[in-house]
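Would you mind keeping the following structure in view while I ask a few things?
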Amino acid sequence: MRTEPNRQLTSTLDRVRNLGILAHVDAGKTTVTERILYATGTTHKRGEVHDGTTITDFDSQERDRGITIFAAAVSCTWADHRINLIDTPGHVDFADEVERSLRVLDGAIAVFDAVAGVEPQSESVWRQADRHAVPRIAFVNKLDRVGARLDTAVASIRERLHTVPLVVQLPIGEEERFSGVVDLLRMRALVWADGSDTYEEGEVPDELRAEALRRRRLLEETVAELHPAALEEFCARSTLSAATLAEALRDLTRTGEGVVVLCGSAYRNRGVEPLLEAVVAYLPSPQDVPPVRGTLGGDVVERAADPVAPLAALAFKVAATATGRLTYLRVYSGTLGKGETVLDAGAGRSERVGRILRVQADRHVDVDEAVAGDIVAVIGLKSARAGATLCAPGAPLVLEPPTVADPVVSVAVEAGRNSDTERLMAALARLAEEDPSLAVRTDPETGQTVLSGMGELHLEVAAEKIRRAHGLEVRVGRPQVALRETVVRGVSGLVYRHVKQDGGAGQFAHVVLDVEPLADAGGQDGEGGAEFVFRSAVAGGRVPQEYVRAVAAGCRDALAEGPVGGHPVTGVRVTLTDGATHPKDSSEMAFRTAGRFALREALRSCAMVLLEPVAEVTVTVPDDAVGGVLGDLAARRGQVSGSTARPGTAVITATVPLGELFGYATRLRSRTQGRGTFTTRATGYAPAPSTVPGPAAAR
């Protein structure tokens with residue numbers, strides 16, 4: 001049943017399939033991919049995750065951890081069809097890799113564990129595929145495990161994913177005795193002997209015939225309810241032919257009204273060939289999907305999957321390798337030739353394509369051109385990022401880029417040696433270019449370099465990649481929270497006289513200040529905006545206007561460090577009520593100095609409190625996890641402000657101190673089995689509970 005490797009295709013676009021493998025971590029995605037490569041003759045030895053010999057999990061961290069971290073593309077052929085396959089990560093921290101892959105795929109295989117059924121991340125990636133309207137077929141894997149039940153897994157697909165499962169196979173044997181499947185369309189048994197890589201086709205076993213006929217009838221009835229042509233034949237003949245059933249299954253898969261369900265054990269190499277046959281039969285080719293839509297000057301432009309149309313391609317992944325900077329492309333229309341100049345439509349820059357590569361994970365084969373429907377990698381693009389549209393210079397358009405999720409977890413990073421700081425910043429910039437879900441920034445107040453991502457594992461992998469790829473020692477720690485100080489009870493009539501005589505022109509400035517909380521002052525605007533208001537109430541011109549401005553500038557200088565902990569001071573209103581000048585020794589510098597020291601002295605006499613940053617958190621959780629999530633928010637000093645019920649879920653809104661949100665993503669996932677999500681929005685500052693108002697000098 002295996003085809004020859006590198007077989008010359010006689011096909012056009014209708015014989016191309018671009019698909020991804022989607023699943024929860026440990027459901028067997030990578031093993032399914034490896035068995036597909038083996039069954040198609042692309043590899044001659046079965047790669048094993050536990051041995052670190054897989055083709056798609058080629059990164060050293062993937063092999064060390066035994067999980068898929070980076071989406072890997074491979075190509076193979078089956079029955080004169082080219083299959084471009086992307087093995088996607090299953091861990092929730094790398095959901096952005098799945099998002100970028102789904103943006104360029106025409107179909108997908110959703111893999112489910114026959115024991116666990118629909119797991120949390122299976123549900124998440126299914127919803128991602130729903131958003132992109134990607135047709136799917138389902139493969140219930142690991143039927144050879146203890147406790148494996150196809151019917152239980154199918155029931156979870158129906159209940160958790162709210163779709164109609166169309167089961168086309170019946171297992172032969174259970175758990176360790178699982179040896180094959182009954183093809184319900186052709187009513188034939190497919191049996192794999194121990195140690196065999198191919199199946200033997202035969203009659204349905206007598207003990208399974210009645211059950212197979214019952215399930216075939218149930219499949220016909222379900223399809224007839226959903227497909228008009230099938231319903232017409234079913235009403236006329238009380239049955240469906242295999243050809244009509246196959247055509248209806250193809251239509252229902254592509255419209256998303258149902259999902260074809262197959263089963264097997266990828267590890268034992270059972271069920272892979274029928275899965276490939278289903279890929280060819282039911283999943284769409286580039287010609288079967290709607291034309292890609294882009295924008296040009298505000299107008300919507302469509303490009304069909306036609307090799308002679310103007311070029312339109314989307315960059316969905318950028319990777320730095322030993323062979324250079326690889327940019328992964330999905331070509332939607334036109335033909336891309338080696339050495340051609342293309343336009344990065346979004347940036348308005350021209351780029352030259354040096355080489356075009358057919359990708360086999362970390363191995364590449366040079367090709368002269370890529371046509372509509374192809375997924376390839378190119379070398380030579382200098383600045384195109386993930387999400388960039390590459391098009392013909394004479395026919396520009398911009399395709400919608402993949403959605404990038406907002407980071408939810410942050411850590412502080414610094415080089416182990418001061419001399420490596422510049423190298424670390426360059427490595428972080430390259431990392432953020434390869435993975436748009438990573439964000440790098442320098443906190444202007446703490447001076448820390450902060451790396452943000454989708455989860456703690458995501459950031460751990462990023463830091464380890466810097467260590468291994470760049471040979472840098474990196475220290476990772478908890479980011480500092482930028483605190484503030486503010487006045488809760490002010491002082492009036494503070495007198496400060498600045499006198500300095502050093503032999504030349506002297507300095508003289510006399511100021512009288514009132515300091516009060518800005519909220520108590522009514523929050524009126526003045527010099528300095530909402531965080532600091534300064535005004536002058538000096539009568540009779542005792543302090544000239546230019547000196548008043550100097551006092552205001554000096555007060556702003558004093559606000560940089562508060563008396564409690566040296567944090568910036570905010571929410572203060574300062575009023576200059578009186579002052580005096582000297583005809584020779586007064587100057588703007590003298591009054592600025594007087595303003596600075598006067599406010600510092602005043603703040604030491606005020607009652608001060610520390611402020612901590614707070615954020616509005618919106619948490620979406622399943623109904624059965626609401627209690628635990630509310631308790632956790634309370635433990636983090638969160639104040640719940642609202643709750644909205646949705647079908648099966650609840651949306652909770654709360655205000656939580658930012659310092660209490662470190663590690664919250666991991667905690668939320670553990671409490672909700674990975675099904676909970678949250679977003680944050682900074683809302684300002686609130687008093688820290690450990691601060692007791694009182695004179696700063698007394699503390």
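Position 1 is the first residue of the sequence; numbering continues from there. Hydrogens, waters and symmetry mates play no part in the numbers below; they use all other heavy atoms, side chains included.
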Notebook entry, point to check: Got a donor-acceptor contact below 3.5 angstrom from the Arg82 side chain to the Asn18 backbone?
Noted result: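 Judged by distance alone, no pair lies under 3.5 Å.
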Next item on the list: Specify whether Trp126 and Phe112 have parallel, tilted or perpendicular ring planes, treating 30° as the upper limit for parallel and 60° as the lower limit for perpendicular.
Entry: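 The arrangement is tilted - the two ring planes meet at 30° to 60°.
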Notebook entry, point to check: When you measure from the side chain of Arg216 to the backbone N and O of Leu185, does any donor-acceptor pair fall under 3.5 Å?
Noted result: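 Pair found, side chain donor or acceptor close to backbone of Leu185.
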Next item on the list: Determine whether the side chains of Glu233 and Thr244 contain a donor N or O and an acceptor N or O closer than 3.5 Å.
Entry: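 There is such a pair (donor and acceptor under 3.5 Å, judged by atom type) between the side chains of Glu233 and Thr244.
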Check: Closest heavy-atom contact between Pro396 and Leu296?
Finding: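 Taking Pro396 first and Leu296 second, the nearest heavy atoms are O-CD1, 3.3 Å.
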Check: Of all heavy-atom pairs between Ala384 and Leu390, which one has the smallest distance, and what is that distance?
Finding: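 Looking at all heavy atoms of both residues, the closest pair is CB-CD2, 4.4 Å.
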Margin query: Please check this pair: side chain of Arg358 against backbone of Asp366, looking for a donor-acceptor N/O pair closer than 3.5 Å.
Written below: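 Looks like no, no N/O pair under 3.5 Å.
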Checklist line | Neighbour count above 12 (heavy atom, 6.0 Å) for Glu176 CD | finding: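 Count not over threshold, so no.
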Note to self: For Ala266, is there any backbone N or O sitting under 3.5 Å from a side-chain donor or acceptor partner on Asn141?
What the structure shows: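 Side chain of Asn141 to backbone of Ala266: a pair is present.
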Next item on the list: Tell me yes or no: between the side chains of Ser285 and Gln287, is some donor less than 3.5 Å from an acceptor?
Entry: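 No, no side-chain donor-acceptor pair sits under 3.5 Å.
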Next item on the list: Might you point out which heavy atoms bring Leu13 and Pro286 nearest each other, and give the distance in Å?
Entry: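 Residues Leu13 and Pro286, closest heavy atoms: O-CD, 3.5 Å.
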Note to self: Return the CG to OG1 distance between Leu150 and Thr152, rounded to the nearest 0.5 Å.
What the structure shows: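 Answer for the CG-OG1 pair, Leu150 versus Thr152, is 8.5 Å.
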Note to self: Using modelled atom types and a 3.5 Å cut-off, is there a donor and acceptor pairing between side-chain atoms of Arg215 and backbone atoms of Val167?
What the structure shows: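 The answer is no, because no donor-acceptor pair under 3.5 Å joins these two groups.
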Note to self: Assess, by modelled atom type and distance only, whether the side chains of His227 and Glu247 contain a donor and an acceptor separated by less than 3.5 Å.
What the structure shows: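 Per modelled atom types, His227 and Glu247 side chains form no pair under 3.5 Å.
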Note to self: Counting C-beta onward and ignoring hydrogens, is there a side-chain heavy-atom pair between Tyr332 and Leu399 closer than 4.5 Å?
What the structure shows: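 Yes, side chains in contact.
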Check: If only atom types and distance count, is the side chain of Arg250 paired as donor or acceptor with the main-chain N or O of Ala281 below 3.5 Å?
Finding: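 Answer holds: yes.
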Notebook entry, point to check: Got a donor-acceptor contact below 3.5 angstrom from the Ser265 side chain to the Arg270 backbone?
Noted result: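 No; zero donor-acceptor contacts below 3.5 Å.
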Item checked: For the student: nearest non-hydrogen atoms of Arg160 and Arg127, plus distance ->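 That closest heavy-atom pairing would be O-NH2, 2.8 Å.
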Note to self: Using a 3.5 Å distance criterion without hydrogens, assess whether the side chain of Thr88 forms a donor-acceptor pair with backbone atoms of Ile21.
What the structure shows: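 Answer holds: yes.
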Notebook entry, point to check: Heavy atoms, side chains only, cut-off 4.5 Å: are Asp113 and Arg145 in contact?
Noted result: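 Asp113 vs Arg145: side chains touch.
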Checklist line | Shortest non-hydrogen contact from Thr672 toward Ala625 | finding: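 Heavy atoms of Thr672 and Ala625 come nearest at CG2-CB, 3.8 Å.
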Margin query: Working to the nearest 0.5 angstrom, can you tell me the gap between Ser179 OG and Asp144 CG?
Written below: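 Separation between the atoms: 11.5 Å.
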Next item on the list: Indicate whether any N or O donor in one side chain lies under 3.5 Å from an N or O acceptor in the other, for Thr239 and Glu220.
Entry: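 Present: a donor and an acceptor within the cut-off.
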Check: Do Asp306 and Ser333 have a side chain donor and acceptor closer than 3.5 Å?
Finding: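 No, no side-chain donor-acceptor contact under 3.5 Å.
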Checklist line | Where Pro274 and Gln169 come nearest, the two heavy atoms and their spacing | finding: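 Here Pro274 and Gln169 meet closest at CB-NE2, 3.5 Å.
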Next item on the list: Let me know which of Arg17, Arg330, Arg254 forms a salt bridge (charged side-chain N to carboxylate O under 4.0 Å, His left out) with Asp106.
Entry: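 The salt bridge (charged side-chain N to carboxylate O under 4.0 Å, His left out) with Asp106 is passed solely by Arg330 among Arg17, Arg330, Arg254.
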Next item on the list: Check whether any side-chain N or O of Arg136 sits under 3.5 Å from a backbone N or O of Val134 as a donor-acceptor pair, and report yes or no.
Entry: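 Side chain of Arg136 to backbone of Val134, a donor-acceptor pair under 3.5 Å: yes, one is there.
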Margin query: Any salt bridge linking Arg188 with Asp183? Criterion: basic side-chain nitrogen under 4.0 Å from a carboxylate oxygen.
Written below: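 Judged by the 4.0 Å cut-off on N to carboxylate O distance, Arg188 and Asp183 do not form a salt bridge.
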